Amino acid sequence: MLKEMKSDIYHLMHPKMAFFLTSIAKDGKPNVMACAWATPVSEEPPIVVVCVSKESYTVELIRQTKEFVINIPTKKLLKALWICGKTSGRDTDKFKKAGLKYSKAKSVKSPVIDECIGHIECKLWKAVDAGECYAFFGKVISAYADDKYMKKGLWSQKAEIPLHLGGSRIVYFK
Ligand SMILES: Cc1cc2nc3c(=O)[nH]c(=O)nc-3n(C[C@H](O)[C@H](O)[C@H](O)COP(=O)(O)O)c2cc1C
């Protein structure tokens, strides 16, 4: 029997990789949020899109400084992911709260998270007003991954990347 989805229609498009989205304020203070609504949209040139709520602090920062970094975690960072997904950088230093360390990125000012196994550094190409979110299209400036977790250019099963099912449910890529 087919069940009509009245709300949470987006659950039909999950699971989606859950990752850390880092950004930076004009004064150089970085922020991090959990994010799952994202996808590559072009290979040549490489462009990705991340969808960020208008209520978030991250939206403000990306609109100001026009850049962001996608940081891909493993299962070990699940607790940190929830902390970054449930609190706002407006009033909390989430790196500290979640126990995450960060370093300078290669090509943008937003930082990369040390504990993550993949990073995609982006400069904002276009922002589309999309309902309660902005869809930020980012031109990929630099992308790199820990080869320990890769096999022939693909994530290996040992990466155990968290996949968001919706709500508070996570499954793992195995
Ligand atoms: C697993 C997970 C995935 C999330 N995905 C998104 C997302 O794709 N877009 C979004 O705007 N918020 C998403 N959130 C919620 C934000 O992380 C949350 O609103 C956060 O507090 C925003 O932080 P900020 O105010 O510091 O930017 C997600 C939360 C979790 C736990």
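Please read all numbers here as calculations on a predicted model, not as lab measurements. Sequence positions, counted from 1, serve as the residue numbers for this chain.
Taking SG of Cys116 as the reference point, atom CG of Asp114 lies at 9.0 Å (rounded to 0.5 Å). Atoms SG and CH2, on Cys133 and Trp37 in that order, are 5.5 Å from each other to the nearest 0.5 Å. Interatomic distance, OG1 of Thr74 versus CH2 of Trp155, reported as 9.5 Å (0.5 Å rounding). Taking NZ of Lys29 as the start and OG of Ser23 as the end, the distance is 10.5 Å to the nearest 0.5 Å. Here the straight-line distance linking atom OG of Ser110 with atom NZ of Lys123 works out to 10.0 Å at 0.5 Å rounding. Interatomic distance, CE of Met13 versus NZ of Lys16, reported as 5.5 Å (0.5 Å rounding).
Note on ring orientation: taking the six-membered ring where Trp is involved, the planes of His164 and His14 are perpendicular (angle over 60°, cut-offs 30° and 60°). Ring planes of Phe137 and Trp125: perpendicular class, angle over 60° (limits at 30 and 60°).
The side-chain heavy atoms of Cys84 and Phe20, taken from C-beta on, include a pair separated by under 4.5 Å. You'll find the side chain of Met33 reaches within 4.5 Å of the side chain of Val52, heavy atoms only. Between Pro111 and Ser103, every side-chain heavy-atom pair lies at or beyond the 4.5 Å cut-off. For the pair Ile72/Met17, a side-chain contact is recorded, criterion being any heavy-atom separation below 4.5 Å from C-beta on. Residues Phe68 and Val50 form a side-chain contact, since some pair of their non-hydrogen atoms from C-beta on lies under 4.5 Å apart. Using a 4.5 Å heavy-atom threshold, the side chains of Thr39 and Val48 count as separate. Between Val128 and Val49 the shortest side-chain heavy-atom distance does not fall below 4.5 Å.
With hydrogens and angles ignored, the 3.5 Å screen pairs a side-chain donor or acceptor of Ser56 with a backbone N or O of Ser53. Judged by distance alone, the side chain of Lys94 and the main-chain N or O of Thr87 form a donor-acceptor pair under 3.5 Å. A donor-acceptor pair is defined here as one N or O able to donate and one able to accept, closer than 3.5 Å; such a pair exists between the side chain of Asp93 and the backbone of Lys96. In this structure a side-chain-to-backbone donor-acceptor pair under 3.5 Å is present from Thr65 to Ile24. A donor-acceptor pair is defined here as one N or O able to donate and one able to accept, closer than 3.5 Å; such a pair exists between the side chain of Asn71 and the backbone of Val69. Between the side chain of Glu115 and the main chain of Leu100, no donor-acceptor pair closer than 3.5 Å is present.
Both Ile117 and Leu163 are part of a single hydrophobic cluster, where members link through side-chain heavy atoms under 4.5 Å apart.
Heavy-atom contacts from other residues, nucleotides or ligands closer than 6.0 Å to NZ of Lys151 number 12 or fewer. Remark: Lys139 NZ is loosely packed, at most 12 non-hydrogen atoms of other residues, nucleotides or ligands lying under 6.0 Å away. For CD of Gln64, the number of neighbouring non-hydrogen atoms (other residues, nucleotides, ligands) closer than 6.0 Å is greater than 12.
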Please evaluate residues Ile161 and Tyr172 with respect to the criterion side-chain contact (heavy atoms from CB on, under 4.5 Å), reporting the C-alpha separation (whole Å), side-chain torsions for both, the decisive distance (0.1 Å), and the verdict. CA-CA 6 Å; Ile161 294 169; Tyr172 296 97; over 6 Å; no

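Between Lys76 and Glu160 there is no salt bridge, since none of the side-chain N atoms of the basic residue sits less than 4.0 Å from a carboxylate O of the acidic one.
Stacking of Lys106 on the aromatic ring of Tyr144 is recorded, both the 6.0 Å distance cut-off and the 45° axial limit being met. Geometrically, Lys54 engages Tyr134 in a cation-pi contact, judged by NZ or CZ lying under 6.0 Å from the ring centre and within 45° of the ring axis.
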